[in-house]
*Asks:* 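The following block contains the structure, expressed as structure tokens.
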Amino acid sequence: MPKKNGIEVLEYIKQNKILFLLTILTSVIASLGYVFMAVLLQRLLDIAVEKNMQQFTGMILFSIVYFAMLGIFLYLQSLLSKKVICRIMRQVRSDVFRGTVNYSIEEFEKRNTADYISIITNDVKMIEDNFLLPFFEIVQYTVIFISSFVLMIYFDIIVTICVIVAIAIMFLIPSLLGGKLEKRQNTFSSKLADFTGSLKDILSGFEIIKSYSMKQYVIQRFNKENCETIHSKYNVDKLLALNEGLSSFLALMVQIVVLFLSAYFIITGRITIGTLLGMVQVSSNLANPLIMIFTNVPKIKSIQPIIEKLHSISEHSSNDLHKEHVTSFNHHILAENLSFSYDTQTQVLNEMNCIIEKGKKYAVIGKSGCGKSTFIKLLTGYYSDYKGTLLYDDRELTQLVKEDVVQLSSIIHQNIYLFNETIFDNICLHEDYPKEMIDKVVKESGLDKFISELPNGLFYQVGENGSNLSGGQKQRIAVARALIRNKPILILDEGTSAIDMQTAYDIESRLLKMNDLTLITITHNLEEKLLKKYDEIIYMENGNVKEQGYFQELVNTSSCFSEYLHLKE
């Protein structure tokens with residue numbers, strides 16, 4: 001993406017240099033053809049005054065060819081400019097999206113999801129409206145202005161000098177308004193992001209809105225934020241209107257000067273009537289391009305902060321270049337004095353100590369808010385700004401490539417997200433797996449009976465975030481999605497809570513029998529028969545591991561886990 005020095009703009013232009021050069025060429029030809037209509041009009045009027053029919057007939061034939069060619073080049077100019085803008089916009093949007101998905105989970109969550117949506121849609125659209133389109137217009141109108149200026153000198157030097165004085169005054173306008181317009185444009189971009197975020201928040205909670213009769217409140221909230229966003233846009237438009245109004249006024253003064261001076265020179269015999277018509281035509285070709293140039297220059301200047309924001313996202317790359325790759329862990333994951341806080345104020349984990357050994361099965365239990373899910377997120381590489389030590393086979397997590405650590409585990413969350421695609425796509429996630437493996441995980445997850453009753457089977461469309469499915473069906477798909485990847489670590493974060501008890505028991509029992517699988521289950525299900533199958537229970541309180549050991553061992557002692565177990569009963 002382009003910065004203030006424009007270097008990155010050139011990169012996009014280089015990628016489309018042939019199309020770009022053709023666009024500029026046709027724009028130059030079309031603009032020159034448009035300007036030199038003034039010479040045509042001058043000559044036509046002088047022929048009419050002289051009453052020369054032979055020259056008039058020749059002028060008609062020449063004009064037919066001239067205007068036909070001009071029409072073709074005007075069409076090509078419009079077509080090619082739109083094509084090159086579409087290509088650049090596609091590349092910009094793709095680069096920004098690619099940069100977004102390059103973020104780690106930790107980096108991604110620093111912004112609201114709606115901010116990314118606003119950046120990829122609203123901000124990128126502003127690049128088209130306030131940079132690319134104005135850029136091509138400036139090229140076009142600069143050619144018109146320069147060629148018209150040359151023609152003006154050809155017609156009369158004195159009139160040209162007067163025009164130069166008026167133009168010098170017009171140059172002051174963009175410099176006076178550009179700074180303010182840039183600030184207001186940046187404010188408008190922020191407002192658009194806030195508005196998109198609020199709209200996403202409202203629509204995501206549509207069911208709550210209807211269930212709790214919140215319609216009046218959300219309408220008022222929407223109207224308030226809609227008004228604030230439009231007001232922010234109007235602040236930008238007011239400066240643009242002032243810029244356009246002043247430019248139009250000075251451009252009109254240029255034409256008036258040309259008209260009166262030309263009329264005076266006709267009276268004194270300095271120029272012909274045809275020259276007067278040509279000069280009036282040329283003066284409009286001087287004034288109108290200047291209006292467009294001085295209108296577009298502030299737009300391009302004002303968009304720079306947004307361009308820089310897009311650039312920072314599109315150029316984002318991993319900080320893992322000098323870190324160690326890891327494809328597996330062979331012994332254990334060790335947490336020592338592990339502390340973590342989301343907001344640097346409230347400790348979620350507090351000097352926690354825990355060991356997870358390869359191939360063992362762990363049930364993580366504790367009251368809501370004790371830090372269970374946060375601990376799991378740290379184990380799987382979601383966050384790196386923790387204090388203390390977190391080792392994968394004696395290698396500190398912060399020294400490992402984050403993406404590699406994330407790929408070591410599959411997580412089945414309580415709140416499952418499904419893409420608006422088929423069941424098959426949501427299990428395989430567009431990776432290739434043998435049919436035998438797909439059939440196996442479908443059966444192991446308890447999906448087989450449900451799928452057999454669907455008209456399209458595995459290719460049934462699940463709807464937006466699985467809206468066509470029940471909670472239990474969504475979790476079965478999530479289980480199948482995790483099992484098919486056969487990763488060394490599987491984490492159930494309340495991952496079977498929406499499935500009936502028998503199916504949940506069957507799934508967990510199967511997982512507990514997999515020898516090479518390291519299973520970590522966060523659960524509130526204190527079914528004794530199932531918990532006895534785990535190698536160890538990790539009981540957490542207040543961001544720390546209070547106890548860790550075999551189920552019967554903890555129950556037989558006067559332990560915190562034992563007390564918690566009896567309270568649940």
Side-chain angles (χ1 to χ4, degrees), residues 1-13 15-16 84-135 181-205 221-222 224-237 240 298-319 382-383 402-403 417 419-420 464-465:
M1 283 305 303
K3 286 184 178 179
K4 289 184 180 180
N5 57 20
I7 292 174
E8 285 75 16
V9 175
L10 293 178
E11 291 302 316
Y12 284 109
I13 290 174
Q15 293 175 33
N16 302 277
V84 73
I85 286 173
C86 284
R87 279 195 183 180
I88 291 175
M89 289 296 295
R90 174 178 56 81
Q91 291 165 348
V92 170
R93 189 170 277 120
S94 294
D95 287 348
V96 173
F97 182 77
R98 187 179 298 110
T100 301
V101 297
N102 280 339
Y103 281 122
S104 66
I105 295 173
E106 179 180 14
E107 292 167 326
F108 181 83
E109 289 182 350
K110 289 178 181 178
R111 276 193 174 108
N112 190 293
T113 307
D115 288 344
Y116 295 103
I117 297 172
S118 180
I119 289 167
I120 295 171
T121 54
N122 297 328
D123 285 3
V124 172
K125 184 65 171 66
M126 289 172 73
I127 296 301
E128 177 184 0
D129 294 339
N130 288 1
F131 190 92
L132 294 174
L133 288 172
F135 173 78
L181 190 57
E182 180 176 327
K183 291 179 181 178
R184 293 189 182 184
Q185 196 73 267
N186 205 21
T187 301
F188 176 50
S189 173
S190 299
K191 269 293 177 192
L192 273 178
D194 292 342
F195 179 72
T196 304
S198 178
L199 185 59
K200 178 179 177 291
D201 185 47
I202 290 171
L203 295 180
S204 297
R221 174 179 163 184
F222 175 84
K224 179 177 178 292
E225 295 180 12
N226 188 30
C227 288
E228 289 175 354
T229 305
I230 294 301
H231 179 71
S232 179
K233 181 182 185 302
Y234 182 59
N235 283 337
V236 175
D237 291 342
L240 289 174
K299 286 183 181 180
I300 291 177
K301 286 183 177 180
S302 71
I303 207 68
Q304 291 303 328
I306 296 169
I307 290 176
E308 290 174 7
K309 178 168 64 175
L310 293 174
H311 172 72
S312 69
I313 295 175
S314 64
E315 291 297 309
H316 178 81
S317 59
S318 171
N319 296 321
Y382 276 33
Y383 304 114
K402 280 185 181 179
E403 189 67 25
Y417 185 83
F419 294 98
N420 189 10
E464 183 181 357
N465 193 19

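Remember, it's a predicted structure, so these values are computed and weren't measured experimentally.
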*Asks:* My understanding is that only residues two or more places apart in sequence, or in another chain, count here; which of them pass side-chain hydrogen bond (donor to acceptor under 3.5 Å, both in side chains) with Thr196?
*Replies:* Asn122

*Asks:* NZ of Lys125 to CG of Asn130: how many Å apart, nearest 0.5 Å?
*Replies:* 9.0 Å

*Asks:* Please enumerate all residues that pass ring-ring contact (aromatic ring centres under 6.0 Å, His included) together with Tyr116, with sequence neighbours excluded.
*Replies:* Phe108

*Asks:* When rounded to the nearest 0.5 angstrom, what is the spacing between CD1 in Ile313 and CD1 in Ile120?
*Replies:* 7.5 Å

*Asks:* What residues form a side chain to side chain contact (heavy atoms under 4.5 Å, CB included) with Ile230, not counting sequence neighbours?
*Replies:* Asn226

*Asks:* For Asn420, which residues count as a side-chain hydrogen bond (donor to acceptor under 3.5 Å, both in side chains) partner, sequence neighbours excluded?
*Replies:* none

*Asks:* Closest approach of Ile300 and Pro134, non-hydrogen atoms and distance?
*Replies:* CG1-CB, 3.9 Å

*Asks:* Looking at every heavy atom in both Leu132 and Met89, which two are closest together, and how far apart are they?
*Replies:* CD1-SD, 3.7 Å

*Asks:* CG/Leu310 to CG/Asp95 distance, rounded to the nearest 0.5 angstrom?
*Replies:* 10.5 Å

*Asks:* By ring-ring contact (aromatic ring centres under 6.0 Å, His included), which residues pair with Phe222, not counting sequence neighbours?
*Replies:* Phe195

*Asks:* In chain order, what residues pass the side chain to side chain contact (heavy atoms under 4.5 Å, CB included) check against Phe419, with sequence neighbours excluded?
*Replies:* Tyr417, Glu421, Asn426, Leu429

*Asks:* Under the side-chain hydrogen bond (donor to acceptor under 3.5 Å, both in side chains) test, which residues partner Glu228, sequence neighbours left out?
*Replies:* Lys191, Lys224

*Asks:* Tell me every residue that passes side chain to side chain contact (heavy atoms under 4.5 Å, CB included) with Arg87, counting only those two or more places apart in sequence or in another chain.
*Replies:* Asn16, Leu19, Lys83, Arg90

*Asks:* Excluding sequence neighbours, so at least two apart, what forms salt bridge (Lys or Arg N to Asp or Glu O under 4.0 Å) with Asp123?
*Replies:* Lys309

*Asks:* Do Ile85 and Glu128 have side chains that approach each other closer than 4.5 Å (heavy atoms only, starting at C-beta)?
*Replies:* yes

*Asks:* Go through the structure and list residues passing side chain to side chain contact (heavy atoms under 4.5 Å, CB included) with Asn235, not counting sequence neighbours.
*Replies:* Arg184, His231, Lys238

